[in-house]
Amino acid sequence: MELPVIDLSSYLSAVSTDRNSQQLQTLCSDVSRNLSETGALLIKDPRCTVQDNDRFIDMMEKYFSSPHDFKILQERPQLHYQVGVTPERVEVPRSLVDEEMQEKVKEMPEEHRPHTPVGADLKWRYFWRIGPRPSNTRFQELNAEPVIPEGFPEWKETMDSWGYKMIAAIEVVAEMAAIGFGLPKDAFTSLMKLGPHLLAPTGSDLEKYNQEGTVFAGYHYDLNFLTIHGRSRFPGLNIWLRNGQKVAVKVPVGCLLIQTGKQIEWLTGGECIAGMHEVVATNRTIDAINLAKEQNRSLWRVSSTLFAHIASDAVLKPLGRFAESPLASKYPPLCAGEYVEQELAIINLKGKK
């Protein structure tokens, strides 16, 4: 199955009065339907260019290829690794610790079953805060100041530029989804204001780990609202649609992938389900590694990923008509920051080391 591509251009170019047109209403319905039925969609945003993505990945390849002792200077375990670098073998995939999830995996048809992780993820990650933080919050550790590595004078501008562009894309998708669901257009975006949004690129060392079947990021869902990925230079991302079908993602040049997280599941009372995914070395990954070697390019697989969050002090609960859903009772009111801390504790990031 090929994921549909939603071009945001027509929505972006329409003035507010034109956003009620039948054509745009249909486009918004396409966004909400895809998020509900598949948990994923591809978008094209003219504000997010191929050059922007390349510039970001170039810098992150340089960073991840730096010596180990240099990178761990940016490690902040006392802050749950929610800023700075997270080394490989620290993040624990949900499927490794969630027995209910493990039972569901066993029931899957073999062709749709995820790879079984044998330990913590083999990827590195860098967390960089995007957007302003609240001056008064109960969750200071989830809103910490960013960490800038020495020797990268372009770091802040490059991270902020790409991060703000991807947040802007998510805000448009969130607004379109709200309209498609019959909610006020700011139903989601108003809750995102001052959220602890994270630009969170990962780095997987394909020179060190290059065997087919190697798991870089074990089967899991994201705890945030929506996740957006730019195009990686190496394949390997598998996602699961709501119907249980496993899909190897192919992001076209110039497009971005969006996946549903647990917070939108909460806000829609289960109308959207947090999308499951993994990153593994496939035969296509091996082909890309061989080509990169021939072209003398970096063998670090960088993901251009951003996690958009609901504000830490906002309350997660089914919105509008979703409050009347038969499943609404599964999603009782809960402060978003509390929910994030609960999830971090379960996957063994909180207090690690």
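With respect to Arg113 and Glu110, no salt bridge is recorded, no charged nitrogen being found less than 4.0 Å from a carboxylate O. With respect to the salt-bridge test (charged N to carboxylate O, under 4.0 angstrom), the residues Glu91 and Arg125 qualify. Glu61 and Arg297 are not joined by a salt bridge, as no carboxylate oxygen comes within less than 4.0 angstrom of a charged side-chain nitrogen. Between Arg321 and Glu324, no side-chain nitrogen of the basic residue sits less than 4.0 Å from a carboxylate oxygen of the acidic one, so the salt-bridge criterion is not met.
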List the steps and the verdict of salt bridge (Lys or Arg N to Asp or Glu O under 4.0 Å) for Asp58 and Arg55.
CA-CA 5 Å; Asp58 286 346; Arg55 179 181 174 219; over 6 Å; no

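Checked against the 6.0 Å centroid threshold, Trp124 and Phe64 do not count as a close aromatic pair. Between Tyr219 and Trp240, the ring center distance clears the sub-6.0 Å criterion. Tyr331 has its ring centre no less than 6.0 Å from the ring centre of Phe322.
With sequence neighbours excluded, the residues satisfying side-chain hydrogen bond (donor to acceptor under 3.5 Å, both in side chains) with Lys165 are Asp52.
Here the straight-line distance linking atom CD1 of Ile6 with atom CG of Asn34 works out to 5.5 Å at 0.5 Å rounding.
Looking only at side-chain heavy atoms (C-beta outward), Asn136 and Asp313 stay at 4.5 Å or farther from each other. No side-chain heavy atom of Lys71 sits under 4.5 Å from any side-chain heavy atom of Pro149.
Results of the side chain to side chain donor-acceptor pair (under 3.5 Å) test with His277 over Asp222, Thr227, Asn238 single out Asp222 as the only residue that passes.
Criterion: ILVMFWY side-chain heavy atoms under 4.5 Å apart, direct or through other members. Under it, Val280 and Leu122 are not part of a common hydrophobic cluster.
Annotation for Pro114 and Glu278: closest pair CB-OE1, 3.5 Å, computed over non-hydrogen atoms.
Taking the six-membered ring where the residue is Trp, Tyr63 and Trp155 present perpendicular rings, their angle passing 60° and hence far from 30°.
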